[in-house]
Amino acid sequence: MAELLGPRLYSCCNCRNHVALHDDIISKAFQGRHGRAFLFSHAMNITVGPKEDRHLMTGLHTVADVHCVDCREVLGWKYERAYEASQKYKEGKFILEKSKIVRDNW
């Protein structure tokens, strides 16, 4: 009999709290503060910090750090506003750093 599997998840590297679904990955070709990062359409079990303007590789953005709701580990950031027209698709999306998340239920 085949084993039933739930959705493939990503969890916080520190406390294993579920923070994102694999199916919500938009791109794996992003750069975070600590190396590779993934762009997600949604994130869960996170808190969003205060907004701030940052000069990133693709220009000026308003972003807010995202933290694991359980252990408060900074996992990445949320794009609140993109000032360049070509970057508007990022608004409302989440960057989660590969070094801060682990695969779960794969």
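Worth knowing before you read on, the calculation uses all heavy atoms, side chains too, and leaves out hydrogens, waters and symmetry mates.
When every heavy atom of L96 is checked against every heavy atom of A20, the shortest pair comes out as CD1-CB, 3.8 Å. Nearest heavy atoms, C15 versus D70: SG-CB, 3.9 Å. Residues A64 and G49 come closest through the heavy atom pair CB-O, 3.3 Å.
Here K100 contributes atom NZ and I95 contributes atom CD1; the two are 14.5 Å apart, rounded to the nearest 0.5 Å. Here the CG-OG distance, from N17 to S11, works out to 7.0 Å after rounding to the nearest 0.5 Å. The distance from the CZ atom of R81 to the NE2 atom of H61 is 11.0 Å, given to the nearest 0.5 Å. For the atom pair CD (E73) and SG (C13), the distance works out to 5.0 Å, reported to the nearest 0.5 Å. Once rounded to the nearest 0.5 Å, the distance linking CG of L39 with NZ of K90 reads 7.5 Å.
A heavy-atom distance below 4.5 Å is found between the side chains of V63 and L56. Using a 4.5 Å heavy-atom cutoff, the side chains of C12 and L75 are in contact. At a threshold of 4.5 Å between non-hydrogen side-chain atoms, the residues D104 and H18 count as touching. Residues R16 and V102 have side chains in contact (heavy-atom distance under 4.5 Å, counting atoms from C-beta outward). Side-chain contact between N105 and H22 is absent, with no heavy-atom pair separated by less than 4.5 Å. F30 has its side chain out of reach of K93: every pair of non-hydrogen atoms, C-beta onward, lies at least 4.5 Å apart. Within the 4.5 Å cutoff, side-chain heavy atoms of T47 are placed close to those of R72.
Taking 4.0 Å as the cut-off between side-chain N and carboxylate O, E97 and R33 do not count as a salt-bridged pair.
Residue pairs meeting the salt bridge (charged side-chain N to carboxylate O under 4.0 Å, His left out) criterion with at least one member in residues 49-59, sequence neighbours excluded: E52-R54, R54-D65.
Residues I46 and I25 share a hydrophobic cluster, clusters being chains of Ile/Leu/Val/Met/Phe/Trp/Tyr side chains in contact below 4.5 Å.
Remark: side-chain polar atoms of K98 are not paired, donor with acceptor, to backbone N or O of F38 under 3.5 angstrom.
Looking at Y79, Y10, W77, F94 one by one, the single match for ring pair (Phe, Tyr, Trp, His ring centres under 6.0 Å) with F40 turns out to be Y10.
With sequence neighbours left out, the salt bridge (Lys or Arg N to Asp or Glu O under 4.0 Å) criterion links R8 to no other residue.
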